[in-house]
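Keep in mind it's a predicted model, so treat the numbers as computed, not measured. Each chain gets a letter, A, B and so on, in the order its sequence line appears, and its residues count up from 1.
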Protein chains: 2
Amino acid sequence: MYKSIFATEAFVRLQELARQPFDLSMPGALLESQRLQKYQVKADPFTLFYATEQIDEPVLKALQGCVEESLLVEQFQGMRRGEAMNRLEGYECENRRVLHCSTRDIFSGSPVNRELTQKSLEELSKLKRFLGELENGTIVNGAGETFTTMVQVGVGGSELGPRALYKALKAYSIHGRKVYFISNVDPDDVSTALRGVDLSRTLFNIVSKSGTTLETATNENFVRLALEEAGLDPAIHCVAVTGKGSVMDDRESYRAVFYMYDSIGGRYSTTSMVGCVMLGFVLGYDQVIEILRGAADMDLHAEEKDIRKNIPLLMALIGIWNRNILNYSTLSIVPYCEALRRFPTHLQQCDMESNGKSVDRLGGRVGGKTGPIIWGEAGTNGQHAFFQLLHQGTEIVPIEFIGFAESQYGKDTKFNHCTSQQKMIANLFAQMVALATGKDDNNPNRFFEGNRPSMLLFAKRLTPYVMGSLLSCYEAKIVFQGFAWNINSFDQEGVQLGKNLADRFLKTMATTKKDPSSIESAFLGELEKWCNN
Amino acid sequence: MYKSIFATEAFVRLQELARQPFDLSMPGALLESQRLQKYQVKADPFTLFYATEQIDEPVLKALQGCVEESLLVEQFQGMRRGEAMNRLEGYECENRRVLHCSTRDIFSGSPVNRELTQKSLEELSKLKRFLGELENGTIVNGAGETFTTMVQVGVGGSELGPRALYKALKAYSIHGRKVYFISNVDPDDVSTALRGVDLSRTLFNIVSKSGTTLETATNENFVRLALEEAGLDPAIHCVAVTGKGSVMDDRESYRAVFYMYDSIGGRYSTTSMVGCVMLGFVLGYDQVIEILRGAADMDLHAEEKDIRKNIPLLMALIGIWNRNILNYSTLSIVPYCEALRRFPTHLQQCDMESNGKSVDRLGGRVGGKTGPIIWGEAGTNGQHAFFQLLHQGTEIVPIEFIGFAESQYGKDTKFNHCTSQQKMIANLFAQMVALATGKDDNNPNRFFEGNRPSMLLFAKRLTPYVMGSLLSCYEAKIVFQGFAWNINSFDQEGVQLGKNLADRFLKTMATTKKDPSSIESAFLGELEKWCNN
């Protein structure tokens with residue numbers, strides 16, 4: 001049994017401190033007592049810069065108290081060792097271990113959970129062989145040609161994380177290799193993707209742990225029909241990532257089968273075969289290992305018990321200050337980096353599906369607000385979209401900025417005496433300062449209240465290693481918040497009701513005899529009327 | 001002088017009604033008094049379905065009262081005629097007319113604002129000629145070949161709306177024509193785009209009203225250097241969309257110049273040349289006219305004074321009920337349609353930059369909350385991402401669903417007895433019902449509180465006409481809300497402070513002598529330390 005932060009003495013202290021949070025808009029506030037220098041955490045490859053949050057020494061001390069009273073780091077360690085953290089006490093539940101960190105715990109020689117790391121190493125060596133055979137021409141299409149394209153078919157965790165990483169690291173692609181994704185059950189999603197590729201040179205990577213995900217099974221069927229129509233053999237063009245023993249664990253239908261495990265949740269599965277097969281195809285095996293190394297190093301870092309030295313833990317706790325004490329209901333994640341454009345979409349799942357809960361791990365109503373709404377777009381683009389509201393709207397939105405000193409391609413030009421990269425960095429810093437300090441003006445429309453909090457995760461350059469580190473950093477942050485709220489961050493019962501009702505709608509659609517007293521019939525009756533008008 | 005809704009009698013009535021809003025989770029609530037049948041507005045091509053909002057007859061009556069006391073429809077008509085609605089009374093401001101509707105008021109023979117419609121018609125006939133010359137081989141590259149690709153270079157309104165429409169209507173593309181976008185000042189954004197295209201067959205469409213937008217000017221410079229490096233003449237490969245008389249209004253540097261006008265704000269400019277040049281290139285002129293026709297018909301519809309018959313007006317007022325009375329701080333827009341995946345991103349700008357304000361049109365503090373945070377992704381994908389929080393989180397999020405009876409390509413397969421399109425519709429309806437009704441369960445983790453509001457905009461199929469109508473519907477909704485809150489929805493002073501500070505950062509970056517007492521120097525000093533470690 002762990003203690004929720006709502007039951008800690010430190011939380012009572014935080015509530016007292018809420019009466020007078022640090023005011024970022026006071027004259028000179030940002031330059032006060034070496035704040036800019038002091039409020040940084042350096043943990044390679046990232047520096048977390050948090051001087052522009054509404055916090056001060058007493059708040060940090062109380063947050064450290066929450067960490068200790070709620071045993072947050074100990075819970076993280078327990079999770080890594082293999083405790084059944086996906087669990088609700090006294091109620092039917094998944095009751096599983098949570099071992100995504102084991103997929104990258106392959107560098108130390110003494111992994112925390114030997115069993116799952118061993119399994120991960122087996123899959124990695126299968127992948128290495130597979131990629132080698134693609135490279136040396138052992139694996140080819142029916143006409144003896146190499147594969148140039150991979151289409152990943154998967155939804156949720158089987159799409160969002162992998163897609164975010166693909167986009168983030170596209171600059172490192174093997175020349176001539178391309179990746180596309182099919183995820184939505186919308187038939188137009190498949191049609192668009194299939195129009196864009198040369199089927200004969202394409203491998204389809206079908207990803208589903210259960211092997212029965214509605215969207216993925218439907219889209220796989222669509223893809224197989226298209227391959228057959230084109231005179232191609234689906235068994236030559238499809239590979240699978242699935243649970244051992246699922247209906248997709250079938251070497252007759254798939255050219256290769258890679259395994260994922262019950263102890264790795266979909267939204268935490270990017271560093272398992274769910275992400276690695278596709279990333280290996282497009283970036284090469286060595287870069288996949290770099291991603292894993294970055295994630296593994298961050299996992300170790302996350303065990304540091306002093307919040308002033310632990311980046312994900314501090315992000316989690318400042319997030320709790322913003323959410324539970326200052327009552328901000330959303331969090332915007334804004335990478336000043338076009339390559340990270342899809343990373344906020346991945347975090348939308350990873351965070352909101354993990355922590356969008358109302359019940360604690362004992363089945364009781366949780367003691368306060370849980371996961372915020374996560375949203376965001378890349379900067380500088382966001383500045384031309386929603387930053388008006390961030391500066392002058394009636395809702396305060398904490399922001400997590402992400403930035404890099406150098407671009408990926410290293411290709412840049414000077415225009416108006418400075419490079420594009422300099423312009424991007426200047427804008428990023430300017431936003432942090434502007435949101436914090438505000439600005440007085442006699443024209444009320446040009447007045448900026450300020451005191452709007454943000455933080456910045458900063459690194460030199462977005463490499464595969466850095467991306468692995470960033471991914472793991474956010475996974476740890478999310479998990480720490482779940483522990484703090486004492487909720488189960490690893491199930492998703494909230495998506496079941498919609499699934500069940502969809503099945504009922506589909507049954508009603510399929511039968512001619514409709515029950516006039518059911519909601520389904522009433523809805524569908526209206527649908528028919530709309531369509532016939 | 002118009003009256004804000006906060007000052008109306010109807011608003012007082014709404015506050016009384018807030019004590020007992022309609023409870024969607026009551027047994028039988030959705031089937032009560034023909035609710036499903038009654039709470040619909042039909043206005044071709046859309047039906048708005050709003051039985052799953054927390055409203056009832058008294059609420060609708062009070063909302064109608066707000067419309068009348070605040071003269072919302074009259075203000076909309078005044079805007080269309082050419083009143084200076086972009087204005088703050090008694091303070092320095094843009095003081096402009098707001099005439100985006102005139103860009104499509106070309107079908108009636110008696111346009112509401114003759115002057116701007118005349119100008120729009122002139123640009124449209126320039127565009128028709130230009131597209132004809134591209135088609136018949138008059139406009140070719142230096143080697144006499146046709147252009148196959150257009151890259152739109154623009155940011156904010158010059159990217160988001162056009163890009164959303166391109167993606168929405170890609171299924172209607174002219175065979176062999178492609179479009180890409182460059183928007184971010186991130187140098188990797190340009191590098192990625194330029195890697196993907198054959199420069200010799202590419203037209204660059206540079207879009208900036210002022211001709212001096214930092215990102216766009218920087219990226220244009222980048223593009224011109226790349227063209228020159230490739231031995232191509234930029235003047236042959238670049239066209240411009242800009243204000244008459246701007247630095248970009250120059251036929252020496254651009255192969256063609258199309259005009260936009262001060263009275264058309266960036267975020268409302270999609271149906272001007274800002275969107276039409278690129279959409280004409282990829283879809284053809286006739287489809288552009290279809291988009292405009294859809295938008296024009298919806299503009300007319302928006303003048304209906306009865307909220308029960310006016311889709312955008314009712315959406316605006318239900319939005320106000322959710323925002324100001326039920327206190328929901330965000331709005332999720334979820335199209336069950338992969339082609340509309342970027343439409344929420346466009347609305348993020350159009351809505352949040354318009355209505356993220358705290359000052360009313362007299363310079364006073366606004367009387368309540370204004371624009372909510374807009375976010376969303378396409379369904380069914382969203383179900384596998386953030387719907388867990390929508391169903392079981394501690395924050396209630398109203399949702400605007402968008403759906404279509406038929407797919408765009410019309411290509412579908414049956415799997416498990418039903419088509420992909422049927423699965424998508426079934427899921428959409430199921431979500432609306434599940435969110436509204438909830439579900440009891442002895443397992444607290446499987447309990448759904450319900451009473452979570454949503455509405456649905458539904459049409460037969462996403463055609464260019466329907467897309468025009470949808471765009472205009474949201475523009476009108478946003479404008480109605482701004483009128484209701486009595487704010488200026490047409491300026492964006494909130495983005496200025498960040499711009500000015502960015503300039504200061506850039507100057508400090510460029511000089512070797514730094515002022516140690518300035519925030520810029522302190523930030524940049526830290527930056528140097530981070531990068532050197």
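Only the side chain of A:Glu449 comes within contact range of chain B, judged by heavy atoms closer than 4.5 Å. Residue A:Lys170 touches chain B through its side chain alone, counting heavy-atom pairs closer than 4.5 Å. In this structure, the portions of A:Gln492 lying under 4.5 Å from any heavy atom of chain B include both its backbone and its side chain. Heavy atoms of A:Asp412 lying under 4.5 Å from chain B belong to its backbone as well as its side chain. The contact between A:Leu88 and chain B is made entirely by side chain atoms (from C-beta outward), counting heavy-atom distances below 4.5 Å. Contacts between B:Leu506 and chain A at a heavy-atom distance below 4.5 Å involve backbone atoms as well as side-chain atoms. Contact annotation for A:Ala51: neither backbone nor side-chain heavy atoms come within less than 4.5 Å of a heavy atom of chain B. Of the atoms belonging to A:Val397, it is side-chain heavy atoms, and not backbone ones, that fall under 4.5 Å from chain B. Of the two parts of A:Arg365, only the side chain, counted from C-beta on, holds a non-hydrogen atom closer than 4.5 Å to a non-hydrogen atom of chain B. Neither the backbone nor the side chain of A:Ser158 comes within contact range of chain B, judged by heavy atoms closer than 4.5 Å. For A:Glu215, the part lying under 4.5 angstrom from a heavy atom of chain B is the side chain only. Residue B:Leu497 touches chain A through both its backbone and its side chain, counting heavy-atom pairs closer than 4.5 Å. In this structure, chain B has heavy atoms under 4.5 Å from both the backbone and the side chain of A:Ser358. With a threshold of 4.5 angstrom between heavy atoms, A:Leu428 does not approach chain B through any atom at all. With a 4.5 angstrom heavy-atom cutoff, B:Glu377 touches chain A only via side-chain atoms.
Looking only at side-chain heavy atoms (C-beta outward), A:Phe49 and B:Phe523 come within less than 4.5 Å of each other. When side chains are defined from C-beta on, B:Gln392 counts as touching A:Glu493, because their heavy atoms get closer than 4.5 Å. B:Arg446 has its side chain within reach of A:Glu92: a pair of non-hydrogen atoms, C-beta onward, lies under 4.5 Å apart. Counting heavy atoms from C-beta outward, B:Gln388 and A:Lys357 have side chains that approach closer than 4.5 Å. Residues B:Asn184 and A:Arg341 have side chains not in contact (no heavy-atom distance under 4.5 Å, counting atoms from C-beta outward).
Between the side chain of B:Asn443 and the main chain of A:Tyr91, no donor-acceptor pair closer than 3.5 Å is present. The backbone N or O of B:Thr370 sits less than 3.5 Å from a side-chain atom of A:Thr394, completing a donor-acceptor pair. With A:Asp188 contributing its side chain and B:Gln408 its backbone, the two residues share a donor-acceptor pair below 3.5 Å. Listed for the A:Gln348 side chain is no donor-acceptor partner under 3.5 Å among the backbone atoms of B:Phe386. Checked by atom type and distance alone, the side chain of B:Asn445 never pairs as donor or acceptor with a backbone atom of A:Gly363 at under 3.5 Å. The backbone N or O of A:Val495 sits nowhere less than 3.5 Å from a side-chain atom of B:Gln383 that would complete a donor-acceptor pair. In this structure, A:Asn381 contributes its side chain and B:Val155 its backbone to no donor-acceptor pair below 3.5 Å.
When each of B:Val359, B:Thr413, B:Asn219 is scored by its heavy-atom pairs under 4.5 Å with chain A, the top score falls to B:Thr413. For the set B:Gly410, B:Gly156, B:Ala385, the count of heavy-atom pairs under 4.5 angstrom toward chain A peaks at B:Ala385. Chain B forms the most heavy-atom pairs under 4.5 Å with one residue out of A:Lys411, A:Gln431, A:Glu159, and that residue is A:Lys411. Top candidate by heavy-atom pairs under 4.5 Å with chain A, chosen from B:Gln421, B:Lys423, B:Gln496, B:Arg267, is B:Lys423. Considering only heavy-atom pairs separated by less than 4.5 Å from chain B, the leading option among A:Cys93, A:Ser329, A:Ala171 is A:Ser329. Residue with the most contacts toward chain A among B:Thr380, B:Thr213, B:Thr345: B:Thr380 (heavy-atom pairs, distance under 4.5 Å). Among A:His384, A:Arg195, A:Lys414, the residue with the largest count of heavy-atom pairs under 4.5 Å with chain B is A:His384. For chain A, the option among B:Gly379, B:Ala378, B:Ala459, B:Gly157 with the highest count of heavy-atom pairs below 4.5 Å is B:Gly379. Of all the listed residues (A:Ala434, A:Pro187, A:Gly393), the one sharing the greatest number of non-hydrogen pairs under 4.5 Å with chain B is A:Pro187. Of the listed residues A:Thr437, A:Leu389, A:Val433, the one with more heavy-atom pairs under 4.5 angstrom with chain B than any other is A:Leu389. The greatest number of non-hydrogen atom pairs below 4.5 Å with chain B, out of A:Ala339, A:Gly438, A:Ala217, is found for A:Ala217.
Expressed to the nearest 0.5 Å, how far CZ of A:Phe387 lies from CD of B:Glu353 amounts to 11.5 Å. Rounded to the nearest 0.5 angstrom, A:Asn416 CG and B:Leu214 CG are separated by 7.5 Å. Here OH of A:Tyr409 is found 10.0 Å from CG of B:Asp186. Values are rounded to the nearest 0.5 Å.
Residues A:Thr192 and B:Glu338 have side chains that never bring a donor and an acceptor to within less than 3.5 angstrom of each other.
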Just list the side-chain donor-acceptor pairs under 3.5 Å for residues 498-505 of chain A, sequence neighbours left out, or say none.
residue, atom, partner, partner atom, Å
A:Arg504, NE, A:Glu520, OE1, 3.4
A:Arg504, NH2, A:Glu520, OE2, 2.9

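Residues satisfying the salt bridge (Lys or Arg N to Asp or Glu O under 4.0 Å) criterion with B:Glu395, sequence neighbours excluded, are A:Arg323, A:Lys369.
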Test log, rule side-chain contact (heavy atoms from CB on, under 4.5 Å), inputs B:Ile373 and A:Ile373:
CA-CA 10 Å; B:Ile373 289 146; A:Ile373 288 147; 5.9 Å; no

